Amino acid sequence: MALLIKKSCINCDMCEPECPNQAISMEDEIYQIDPARCTECVGHYDEPTCMKVCPIDNTIIHDPEHRETNEELWDKFVLLHHADKL
Ligand code: SF4
Ligand code: SF4
């Protein structure tokens with residue numbers, strides 16, 4: 001499933017440049033994750049890199065509104081990065 005940034009975000013700017021899918025962007029007050037671009041880092045890393053770099057515990061969480069299987073996350077990765085080869 002895609003990830004979600006909670007209001008406890010302190011806008012430290014750590015996660016945005018680390019996302020391999022350009023899924024993180026600054027919105028009105030805090031950073032947000034675009035569920036259409038978040039693959040949980042499948043295809044790039046073994047674990048979500050934004051969660052790893054975030055200094056505030058439990059600020060980046062799994063979004064219960066965007067549940068996806070591992071296969072669906074892989075499909076999203078392929079569409080984002082290799083659509084020209086499909
Ligand atoms: S889990 Fe990975 S793809 Fe999703 S927002 Fe975080 S860094 Fe980006
Ligand atoms: S790393 Fe965490 S605290 Fe920093 S901008 Fe990203 S979500 Fe917010």
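Note that this is a predicted model, so its numbers are computed, not measured. Counting starts at 1 for both ligands and their atoms, in listed order.
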Legend entry - In the protein, N/O/S atoms that are found under 2.8 Å from atom 4 (Fe) of ligand 2, waters not counted: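 Metal shell, protein only: Cys12 SG.
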
Inset, instruction - Determine whether any heavy atom of Glu40 lies closer than 4.0 Å to an atom of ligand 1. - result: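 Yes.
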
Inset, instruction - Only heavy atoms count here, so choose which of Pro48, Ala2, Cys41 is nearest to atom 7 (S) of ligand 1. - result: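 It is Cys41 that holds the nearest heavy atom.
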
Legend entry - Check: Asn21 side chain, Phe77 main-chain N or O, donor-acceptor pair, under 3.5 Å: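 No; zero donor-acceptor contacts below 3.5 Å.
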
Inset, instruction - Measure from the side-chain N and O atoms of Lys76 to the backbone N and O of Val42, and report whether any donor-acceptor pair falls under 3.5 Å. - result: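 Looks like no, no N/O pair under 3.5 Å.
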
Legend entry - Co-membership, hydrophobic cluster, residues Ile61 and Ile33, 4.5 Å side-chain: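 No, Ile61 does not connect to Ile33 through the hydrophobic network.
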
Which atoms of ligand 1 have any heavy atom of [X] under 4.0 Å away?
X: Thr49; result: 7 (S)
X: Ile33; result: 5 (S)
X: Asn21; result: 3 (S)
X: Ile24; result: 5 (S)

Inset, instruction - May I ask you to say whether Lys52 pairs ionically with Glu18, meaning some side-chain N is under 4.0 Å from a carboxylate O? - result: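 Between Glu18 and Lys52 there is no salt bridge, as every charged N stays at least 4.0 Å from the carboxylate O atoms.
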
Inset, instruction - Would you give the length of the straight line joining atom OG1 of Thr69 to atom CZ of Arg67, rounded to the nearest 0.5 angstrom? - result: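 These two atoms lie 12.5 Å from each other.
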
Inset, instruction - Mark up the atoms of ligand 2 that fall under 4.0 Å of a heavy atom belonging to Ile5, in ascending order. - result: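 Result: 7 (S).
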
